[in-house]
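Here is the structure we will look at, set down as structure tokens.
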Number of protein chains: 2
Amino acid sequence: MDNWDEIRTAFQVARRGTVSGAAEALGVHHATVIRHIDALERRLGVKLFQRHARGYTATEAGQDLLRVAQTTDDQFQQLEGRIRGRGSDVSGELMVTSLVELAPLLVGALTSFQEAYPDVIVRLLTGERLFRLEYGEAHVALRAGRQPDEPDNVVQPFIHQDIALYASQAYVDRYGLPGDIEALKTHRFVAHDDPDGRAPFQQWLRHTIPYDRVTFRSSDSRVMNQAVLAGAGIGFFAMREAAAHPELVQIMPPREEWTSPLWLVTHVDLHRTAKVQAFLTHLKDYANEGPCR
Amino acid sequence: MDNWDEIRTAFQVARRGTVSGAAEALGVHHATVIRHIDALERRLGVKLFQRHARGYTATEAGQDLLRVAQTTDDQFQQLEGRIRGRGSDVSGELMVTSLVELAPLLVGALTSFQEAYPDVIVRLLTGERLFRLEYGEAHVALRAGRQPDEPDNVVQPFIHQDIALYASQAYVDRYGLPGDIEALKTHRFVAHDDPDGRAPFQQWLRHTIPYDRVTFRSSDSRVMNQAVLAGAGIGFFAMREAAAHPELVQIMPPREEWTSPLWLVTHVDLHRTAKVQAFLTHLKDYANEGPCR
DNA sequence: GCGATTGCGTTCGTGAATGCAAGTGCGAGA
DNA sequence: TCTCGCACTTGCATTCACGAACGCAATCGC
């Protein structure tokens, strides 16, 4: 069974009973049909059809092939319907990936997206490594920092994440509010363990505050957030996130130079699909309306 | 889904993950694989695979195709096994056709054939019209008379059916045994209604016995047989059949000129199959050993 | 790092599969 | 019995799909 097209040809001959009818149905020439049948029978070593003046009638083997190919044809047609529909339907899996730091942004958006499209199964992938779109690991990626320029990826600007310095009310009660930048240098800071961090607010901190004032260091943003909330020191928070924590006190307002742009990245092959488009527009709407609706 | 070969190609790509691997498995060049995938995706309007440096990974649509094509592949392999086996296996239907007059000969042979090959379903077709092999209506036909010369049919000589004149014991008790052929002309005969019958013994009767001595006429051989058994007159019986009726008395021994040759006819396409060959040899053995074994 | 390996993409020339048209066989109808 | 028409068959010209070769990118291993 090395040639599925020949099976398909034999299927039509068995169904229509004549070579001409099969040729018409297949949109090929009669001679082609004959050659297919001959080749198939020669390889199988078994006659599939009785040739006579009124056309071809299937032998037992031919009838067996007819039954099998009939179900195959049905299944292929169903498959085609599903595949074609998949381009315009919003269903199946939607895989989104981002750094864990950005995940809180996505959870709300994904939840309301799922309310709008109940057939979608959402998978939010965050992990140590960057999940790569070109391997089909995700439909949409949320990236921060410099504009991604990977080939085959469609990059759209998303929002600018406003970053500000916060401390917990408990910290402020104990150490007071710094009056200006100079006063900051005497305070305690919660920041990233890696002094070579690429995020602009990290670099600002390095250049502005003596590194030994960073008294709580971690490599995990969630740990840092919890440390700030616990009163360990002053740290960066996305304003959007800080809004969810009334016990936080803003130490410094957001600065232009801290904000890192966010990018929505999709693979070019998936970008046009209705599902991805639906999610992208939904995500933008969600970000503009705010997470509190 | 106009091209099943392209689906098969996509199936291998989805299964192996690389174009090269699929090409190797299919025994074609990897450029061919790419062309198939491209054509299929273009027609469907949906990407089946994500292309990346390490190969192709299936999208949702591709995975769907993989599942469907996997079952198709399995079914085709099973089909191939069945079809190939059908050539060498003795199973399935065995359709045999003959005139009703010859059916008694076949019943015993078919029964014992079925004992030897329990997987075979036997269909013995007798009817008004001649069942024709070229339409696939039967595997084997038993024909009497002149050697059939239909094209595409394989004709083998079978046995000569010895015909003799019989009457029932009751008839003999009442009318006596005729001494010679002249004496026959005063007896009562059971014969065919049609004086133009082609069978040699019928023609002999027409030329030898006055037609008004045929006092029981019918167009059905079974009716004639029953009439002879009931004592209506003298009639022809195949010796093989007469042996089953001890109440029959042979009036005249078989004559060379009465015997009509029997022919085994098979369609050339089916003649080589193991099933047909098995039945032909079985039938010959059966006829030689006699039906009484 | 840097070559080796792997795997995809593209171009070009060839050959096999296809379409075309004439031929043949068979059965139906007059 | 003849003719007509349908359907398969066969030889030939054509096209299109295939294979070969090269290029390129990414990864792997030393």
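The chains referred to below are lettered A, B, ... by the order of the sequence lines, with proteins before strands, and numbering in each begins at 1. Scope of the values below: all heavy atoms of this structure, side chains included, with no hydrogens, waters or symmetry mates. Note that the coordinates shown come from a computational prediction; the quantities given were computed from them, not determined experimentally.
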Legend entry - Pair A:Arg51-A:Glu41, salt bridge (Lys or Arg N to Asp or Glu O under 4.0 Å): steps then yes or no: CA-CA 13 Å; A:Arg51 292 124 167 92; A:Glu41 287 184 340; 2.9 Å; yes

Inset, instruction - Using whole Å, report how far CG of A:Asn3 lies from C1' of C:dA16. - result: 13 Å

Inset, instruction - May I ask you to check if A:Arg16 and A:Tyr56 form a cation-pi contact, with NZ or CZ under 6.0 angstrom from the six-membered ring centre and within 45° of the axis? - result: no

Inset, instruction - Let me know the distance between CG of A:Asp38 and P of D:dG11, rounded to the nearest Å. - result: 13 Å

Legend entry - Reported CD-to-CD distance for the pair B:Glu93 and A:Gln63, which is rounded to 0.5 angstrom: 8.0 Å

Inset, instruction - Please check if any side-chain donor atom of B:Asp74 sits under 3.5 Å from a side-chain acceptor atom of B:Gln70, or the reverse. - result: yes

Inset, instruction - Assign the ring pair B:Trp4 / A:Phe11 to parallel, tilted or perpendicular, where the plane angle (0 to 90°) is split at 30° and 60°. - result: parallel

Inset, instruction - Send over the distance from B:His52 NE2 to C:dG9 P, rounded to a whole Å. - result: 11 Å

Legend entry - B:Arg43, CZ atom: more than 12 neighbouring heavy atoms under 6.0 Å: yes

Legend entry - Contact under 4.0 Å: B:Tyr56 side-chain N or O vs C:dT6 OP1/OP2: no

Inset, instruction - Compute the angle between the rotation axes at the two ends of the helix from C:dG1-D:dC30 to C:dA30-D:dT1, each taken over five pairs, rounded to 10 degrees. - result: 40°

Inset, instruction - Decide side-chain contact (heavy atoms from CB on, under 4.5 Å) for A:Val268 and A:Asn153; before the verdict, give the C-alpha distance in whole Å, the side-chain angles of both, and the deciding distance to 0.1 Å. - result: CA-CA 5 Å; A:Val268 65; A:Asn153 282 0; over 6 Å; no

Inset, instruction - Working to the nearest 0.5 Å, report the span between CG of A:Leu48 and CG of A:Asp38. - result: 10.5 Å

Legend entry - B:Leu48 CG to C:dC8 C1', straight-line distance once rounded to whole Å: 17 Å

Legend entry - Option from B:Ile159, B:Leu142, B:Val155 for which side-chain contact (heavy atoms from CB on, under 4.5 Å) with B:Trp263 holds: B:Val155

Legend entry - Other residues, nucleotides, ligands: >12 heavy atoms within 6.0 Å of A:Gln156 CD: yes

Inset, instruction - Nearest whole angstrom, please: distance from the P of D:dA20 to the CD of B:Glu24. - result: 14 Å

Legend entry - B:Gln50 CD - C:dG9 P separation (whole Å): 12 Å

Protein and nucleotides 17-19 of chain C: nitrogen or oxygen contacts under 3.5 angstrom:
from, atom 1, to, atom 2, distance (Å)
C:dT18, OP1, A:His36, NE2, 3.2
C:dT18, OP2, A:His36, NE2, 3.2
C:dG19, OP2, A:His29, N, 2.8
C:dG19, OP2, A:Thr32, OG1, 2.6
C:dG19, N7, A:Arg35, NH2, 3.1

Inset, instruction - Mind running a 4.0 Å heavy-atom check of residues 9-23 of chain A against DNA chain C and sending the residues that fall below it, in number order? - result: none

Legend entry - Nearest-Å distance for atom pair CD1/C1', residues A:Ile34 and C:dG25: 13 Å

Inset, instruction - Please say whether the positively charged group of B:Arg8, taken as NZ for Lys or CZ for Arg, lies over the ring of B:Phe76, i.e. under 6.0 angstrom from the six-membered ring centre and within 45 degrees of the axis. - result: no

